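Step one of this worksheet: look at the structure below.
Small disclaimer: the values here were computed from a predicted structure and weren't measured. Counting starts at 1 for both ligands and their atoms, in listed order.
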Amino acid sequence: MIIILKPKATEQDLGRVVGRVEEAGLKVHLSKGTERTIIGVVGDERKMDIQSLEVLPGVERVMRVLRPFKLASREFKPDNTVVRVSDGVEVGGNQIVVMAGPCAVENEKDLMETALAVKASGAQVLRGGAFKPRTSPYSFQGLGKDGLRLLAKARDLSGLSIVTEVLSPGDIDLVSGFSDILQVGARNMQNFSLLQAIGGARKPVLLKRGMSATVEEWLMAAEYVLAGGNTQVILCERGIRTFETYTRNTMDISSIPLVKQLSHLPVIADPSHSTGVRSLVSALSRAAVAAGSDGLLVEVHPNPEEALSDGAQSLSLDEFSALMRDLGHIARSVGRTTQPSLEKAMRGGDAG
Ligand code: PEP
Ligand code: MN
């Protein structure tokens, strides 16, 4: 249920409405905009009578929410959520934010080289898995804590922010100590105890779409994190499983504008896992930005043929640099910007 207050509603009006909702054993989440306050009611709304709320002073409208997600919905929060990752890095604003790096952190030399190269090409966040969710228990599982330490070192060296996956609730504190964004992988999108625990964390979350999840299931997963009190959720379309076999997954481009309509949360695209094919990554990246994506998550490796995971979909450092140049043009054509140094280079300034 969503309760919209009148622009002139007072704090006393607000308090009375909140009191009424809480008396019924339901919880409230407030969204205070510049014009008006919107109250999201969480819990079994059948316990509340619409008319008894509508007559309260300061109340303009009360709506039952037909969609099962509330806090993630545009109705609850009409303005876009901008997730602040670190100084100067915000996802969901006008600037397209690119996160790039290896599938897995493998060794210090490769990670430092990759960090410096993707930074020079215009990425703002370094990705790299330390805890890897592998389909086979015999595949490389990641370096664990040593991988996290290397990511922190790469952050110090390059100034990039860090995104890395957290696999289990017990690792949230550990990973939060090293990472600026907590990634929830496709395989864990409906790991509800992980989502609940992340709801209590005070770190931005990158929530990947499950490989067979509908858009509604994906937004319900976001709802878990929001209901736990963590409002800093970035959605990530990473392709869904279809009957097609030439690609690893099928990127659901339509989900990008759809999620933007349904939700206030920012959405980025992962063209690497979406296709599984290096030669398709650039085209899908451009398509995603043209469709309204707020950013990209791209796998990049200094020597893709030697990568311990996902080499077939990883771009070389040079291929990534070419992608970033192309992206600037697409971003501009849809009224978006890219990293400031790239913008300068595009305007004919010193490309560095
Ligand atoms: C990854 O980002 O390396 C990854 C494992 O992605 P996904 O969860 O989308 O498969
Ligand atoms: Mn990967």
Side-chain angles (χ1 to χ4, degrees), residues 97-106 110-111 114 118 123 125-137 139-144 147-148 150-151 161-168 171 175 179-191 194-195 198 204-213 215 217-218 221-222 225 233-242 247-252 255-256 259 267-278 280-281 284-285 288 293 295-316 320:
V97 174
V98 179
M99 311 182 186
C103 177
V105 176
E106 298 178 4
D110 283 357
L111 190 67
T114 307
V118 299
V125 180
L126 178 68
R127 63 146 290 145
F131 295 98
K132 292 303 301 175
R134 303 307 301 279
T135 301
S136 163
S139 302
F140 175 55
Q141 302 286 314
L143 298 180
L148 295 176
L150 291 179
L151 286 167
S161 301
I162 302 294
V163 57
T164 194
E165 180 159 354
V166 56
L167 281 182
S168 71
D171 288 338
V175 176
S179 189
D180 300 290
I181 308 174
L182 302 173
Q183 177 173 326
V184 176
R187 290 158 192 79
N188 264 329
M189 190 207 82
Q190 285 188 318
N191 178 340
L194 179 63
L195 298 176
I198 277 190
V205 180
L206 182 73
L207 179 62
K208 289 200 155 196
R209 180 177 181 180
M211 60 185 77
S212 300
V215 165
E217 287 163 344
W218 186 20
V225 180
V233 179
I234 304 163
L235 299 164
C236 178
E237 164 63 46
R238 49 78 74 203
I240 48 175
R241 191 167 277 191
T242 69
T247 49
R248 180 176 177 181
N249 292 293
T250 298
M251 185 189 261
D252 180 8
S255 79
I256 297 167
V259 157
V267 59
I268 71 167
D270 170 349
S272 310
H273 295 87
S274 287
T275 60
V277 182
R278 184 180 314 141
L280 303 178
V281 167
L284 267 293
S285 300
S293 179
L296 295 172
L297 182 73
V298 185
E299 286 188 340
V300 178
H301 194 282
N303 194 356
E305 286 72 27
E306 306 287 318
L308 297 180
S309 59
D310 288 351
Q313 66 195 32
S314 298
L315 297 184
S316 68
F320 178 69

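The atoms of ligand 1 that sit less than 4.0 Å from any heavy atom of Ala186 are 7 (P), 8 (O), 9 (O). For ligand 1, the atoms sitting less than 4.0 Å from at least one non-hydrogen atom of Gly185 are 8 (O), numbered in the order shown with element in parentheses. Heavy-atom contacts of Cys103 reach the following atoms of ligand 1: 3 (O) (cutoff under 4.0 Å). Within ligand 1, the atoms closer than 4.0 Å to a non-hydrogen atom of Glu299 are 3 (O), numbered from 1 in the order shown. Listed by number with element, the atoms of ligand 1 under 4.0 Å from a non-hydrogen atom of Lys208 are 1 (C), 2 (O), 4 (C), 6 (O), 7 (P), 8 (O), 9 (O). Per-residue contacts place Arg238 under 4.0 angstrom from the following atoms of ligand 1 (heavy atoms of the residue considered): 7 (P), 9 (O), 10 (O).
Checked against the Mn ion (ligand 2), the N, O or S atom of His273 at the shortest distance is NE2.
Side-chain N/O atoms of His273 and Glu299 include a donor and acceptor closer than 3.5 Å.
The minimum heavy-atom distance between Thr114 and Pro102, with the atom names listed, is CG2-CD, 4.1 Å. For Arg127 against Gly101, the heavy-atom pair with the smallest separation is CG-N, 3.3 Å. Closest of all the heavy-atom pairs between Ala288 and Ala269 is CB-CB, 3.5 Å. Looking at every heavy atom in both residues, Leu235 comes nearest to Val259 through CD1-CG1, 3.5 Å.
Heavy atoms of other residues, nucleotides or ligands lying less than 6.0 angstrom from CZ of Arg241 number 12 at most.
The angle that Glu299 OE2 and Asp310 OD2 make at the Mn ion (ligand 2), rounded to 10°, works out to 120°.
Under a 4.0 Å N-O distance rule, the pair Asp310/Arg248 qualifies as a salt bridge.
Within the structure, the closest approach of Gly129 to ligand 1 does not fall below 4.0 Å when heavy atoms are considered. Ligand 1 has at least one atom lying under 4.0 Å from a heavy atom of Lys132.
Atom 2 (O) of ligand 1 has its closest protein heavy atom at Arg127 NH1, 2.8 Å. Counting only heavy atoms of the protein, atom 4 (C) of ligand 1 lies nearest to His273 NE2, 3.4 Å.
In terms of polar-atom proximity, defined here as any N/O pair under 3.5 Å, Asp310 makes no such contact with ligand 1. At a 3.5 angstrom cut-off on N or O pairs, Gln183 counts as close to ligand 1.
A distance-only check finds a donor-acceptor pair linking the side chain of Arg278 to the backbone of Gly311 [under 3.5 Å].
The side-chain heavy atoms of Thr275 and Met251, taken from C-beta on, include no pair separated by under 4.5 Å.
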